[in-house]
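Notes to accompany the following structure.
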Amino acid sequence: MRIIALTEETQAELKNNMLKRSPSSYGQYEQTVADIVTDIRENGDEALFGYTEKFDHCKLTAETVKVTEAEIQEAYDSLDADFIETMKKSAENIRKFHSLQLRQSFFNTKEDGSILGQRITPLEIAGVYVPGGKAAYPSSVLMNVVPAKVAGVSKIIMTTPPGKDGKINPGTAVAAKIAGVDEIYKVGGAQAIAAMAFGTESIPKVDKITGPGNIFVALAKKAVFGYVSIDSVAGPSEILVLADETANPRYVAADLLSQAEHDELASAILITDSQELAEKVSAEVDRFTAKLERKEIIEKSLENYGYILVAKDMDEAVDAANLIASEHMEILTKDPFATMTKVKNAGAIFLGEYSSEPLGDYFAGPNHILPTNGTARFFSPLGVDDFIKKSSVICYSREALGRDKDDIIRFANKEGLTAHANSIAVRFDESL
């Protein structure tokens, strides 16, 4: 891996390079996606099945688009029993963690008879998108669906592309059953996002769409936002490791590569105040890469978006990490908890040498659907709050309104909204 001194210039160059990975940088595909979305919106199943045949080489009908219980059982029979048990354990860890995020409606009653509060209700129907083929990740099914179930969503549907044989990935099917998906549909790509956003004859319209996907899926989610809610327009995966001289270089190298293997746009960055550690990590990266199955992807990822930045001290290192605002951040320092207190921007923070990033991907419980491309400065991990909505509750007695009426009328008149003012005044025989 390249080793670079951390300066304002190199930091700015890195930031600009990272932004090239954003889905917003792929405008050449937006018209194609817009055309697909419009076609699905106007022509429903006919367009949906046409795109499925074109892109996935699979003929579907209204009778075959939905995954049957028999197909789910076939998926169960094809998987190793130990793996199914592992998925169940992971789902339970995710459920327990997200249950801690639940919050209750509240009401505050005053002596004058006024009641102010907030009512929390779950979304009625959520849609989850899951990639297919080599990019099928059952872990993402669990991470999307379990928080929605904890929130109390009434119905959860899932779309995922079929193979040429008309079947979906068995791991995806079993994970969906474990997590509690109500209906699974064999459609993928931008057309699946549009189908969930607007509804077709076969697929119901949802209130929110979550889940990862390729650039066409990301741009489709961006295009339908406003008609439905979405989790985010996610970019490629990324990891940033903050480490000092006490870190184990083999651990650091292994963790950087755990993200670099995702795809050629993945980013892996080490920021350290130790030149010696930087050199040792670089050597370990080369040694591991030579032995790993996804060597070609890793090499391309590191060539484009892999960096080892050497800072003059840890304060400078942390400042740079906060500017980058990485999806995953590992802290491998002498006192990782003390270092964490200085971190402001990160999707998920992993503390200590036995808390490597894959722990969060698969098993610990916190969500692995995280903000990317610097959006950790203002976005949060997927969670229960993504599947609820809040309604303000206001109830005033005549006494309470009488106390405040003059202020309200004054405010309304100052803004030139006399009908607003009249709505208050009429209750006290002071109307126009």
Open item on the list: Please check: side-chain N/O of Thr210 versus main-chain N/O of Asn144, any donor-acceptor pairing under 3.5 Å?
Closed with: no
Open item on the list: Closer than 4.0 angstrom, basic N to acidic O: yes or no for Glu74 and Lys167?
Closed with: yes
Open item on the list: With no hydrogens and no angle check, just 3.5 Å: does a side-chain donor-acceptor pair link Asp244 and Thr333?
Closed with: no
Open item on the list: Whether the side chain of Arg119 engages the backbone of Ser391 through a donor-acceptor N/O pair (distance < 3.5 Å, no angle test) should be reported.
Closed with: no
Open item on the list: Go through it in stages, so that I can follow the logic: the residues are Val65 and Phe49, the test is side chain to side chain contact (heavy atoms under 4.5 Å, CB included), and I'd like the CA-CA distance, side-chain angles, deciding distance and then a yes or no.
Closed with: CA-CA 9 Å; Val65 66; Phe49 298 154; 3.9 Å; yes
Open item on the list: Could you check whether Glu69 and Gln73, counting side-chain N and O atoms only, form a donor-acceptor pair closer than 3.5 Å?
Closed with: no
Open item on the list: Can a donor-acceptor pair be found, under 3.5 Å and without considering hydrogens, that links the side chain of Asp39 to the backbone of Asp35?
Closed with: no
Open item on the list: So, taking the atom named CG in Leu323 and the one named CD in Gln11, what distance separates them when rounded to the nearest 0.5 Å?
Closed with: 5.0 Å
Task: Heavy-atom check, side chain of Asp286 versus side chain of Glu284, under 4.5 Å - done: no
- [ ] Determine whether more than 12 heavy atoms belonging to other residues, nucleotides or ligands lie under 6.0 Å from atom CD of Glu276.
- [x] no
Open item on the list: Can you list everything that forms a side-chain hydrogen bond (donor to acceptor under 3.5 Å, both in side chains) with Tyr185? Sequence neighbours excluded, please.
Closed with: Glu183
TODO: Look at atom CD of Glu46 and say whether more than 12 heavy atoms of other residues, nucleotides or ligands are closer to it than 6.0 Å.
DONE: no
Task: Any side-chain donor near an acceptor of the partner, Glu327 and Ser237, under 3.5 Å - done: yes
Open item on the list: Tell me the closest heavy-atom pair linking Asn367 and Leu370, and the distance in Å.
Closed with: O-CD2, 3.4 Å
Task: Audit row: Asp315, Lys342, salt bridge (Lys or Arg N to Asp or Glu O under 4.0 Å) steps and yes/no - done: CA-CA 8 Å; Asp315 285 340; Lys342 302 175 184 177; 3.0 Å; yes
Task: Straight-line distance of Lys222 NZ to Ile230 CD1, nearest 0.5 Å - done: 9.5 Å
Open item on the list: Tell me whether Ser99 contacts the main-chain N or O of Arg95 through its side chain, where contact means a donor paired with an acceptor under 3.5 Å.
Closed with: yes
Task: Side chains of Gln259 and Glu238, donor plus acceptor under 3.5 Å - done: no
TODO: Give a yes or no answer on whether the side chain of Asp45 reaches the backbone of Ser202 with a donor-acceptor pair at less than 3.5 Å.
DONE: yes
TODO: Working to the nearest 0.5 Å, report the span between CD1 of Ile308 and CG of Leu256.
DONE: 7.0 Å
Task: Glu264 backbone acceptor or donor facing Lys300 side chain under 3.5 Å - done: no
Task: Min side-chain heavy-atom separation Pro336-Glu330 under 4.5 Å - done: no
Open item on the list: Quick one, Ile178 and Tyr76 - any side-chain contact, counting heavy atoms below 4.5 Å?
Closed with: yes
Task: Gap separating the OG1 atom of Thr52 from the CD atom of Gln191, nearest 0.5 angstrom - done: 5.5 Å
Task: For the student: nearest non-hydrogen atoms of Lys149 and Gly180, plus distance - done: NZ-O, 3.6 Å
Open item on the list: Would you compute the distance between atom CZ of Phe225 and atom CG of Asp231 and round it to the nearest 0.5 angstrom?
Closed with: 11.0 Å
Open item on the list: Quick one, Ile3 and Glu279 - any side-chain contact, counting heavy atoms below 4.5 Å?
Closed with: yes
Open item on the list: Side chains of Glu71 and Thr68: any donor to acceptor distance under 3.5 Å?
Closed with: yes
TODO: Would you mind reporting whether Ile193 and Tyr129 have side-chain heavy atoms less than 4.5 Å apart?
DONE: yes
Task: Carboxylate-amine/guanidinium contact Lys208 Asp386, below 4.0 Å - done: yes
Task: Enclosure of Lys177 NZ (heavy-atom neighbours >12, cutoff 6.0 Å) - done: no
TODO: Indicate yes or no: at least one non-hydrogen side-chain atom of Pro122 is less than 4.5 angstrom from one of Phe387.
DONE: no
Give the table of side-chain donor-acceptor pairs shorter than 3.5 Å for residues 344-354, with sequence neighbours excluded, one pair per line with atom names and distance.
residue	atom	partner	partner atom	Å
Asn345	ND2	Asn322	O	2.8

TODO: For residues Val393 and Leu116, determine if any side-chain heavy atom of one lies less than 4.5 Å from a side-chain heavy atom of the other.
DONE: no
Open item on the list: Please check this pair: side chain of Ser114 against backbone of Tyr396, looking for a donor-acceptor N/O pair closer than 3.5 Å.
Closed with: no
Task: Atom CZ of Phe107: over 12 foreign heavy atoms under 6.0 Å - done: yes
Task: Flag, side chain of Ser105 to backbone of Ile120, donor-acceptor distance under 3.5 Å - done: yes
TODO: Starting at OH of Tyr137, measure out to CG of Asp361 and round the result to the nearest 0.5 Å.
DONE: 9.5 Å
Open item on the list: Counting C-beta onward and ignoring hydrogens, is there a side-chain heavy-atom pair between Val128 and Ile157 closer than 4.5 Å?
Closed with: no
- [ ] Look only at the side chain of Ser267 and the backbone of Tyr305, and say whether a donor-acceptor pair between them is shorter than 3.5 Å.
- [x] yes
TODO: For Ser356 and Asp255, indicate whether the former's side chain and the latter's backbone hold a donor-acceptor pair under 3.5 Å.
DONE: no
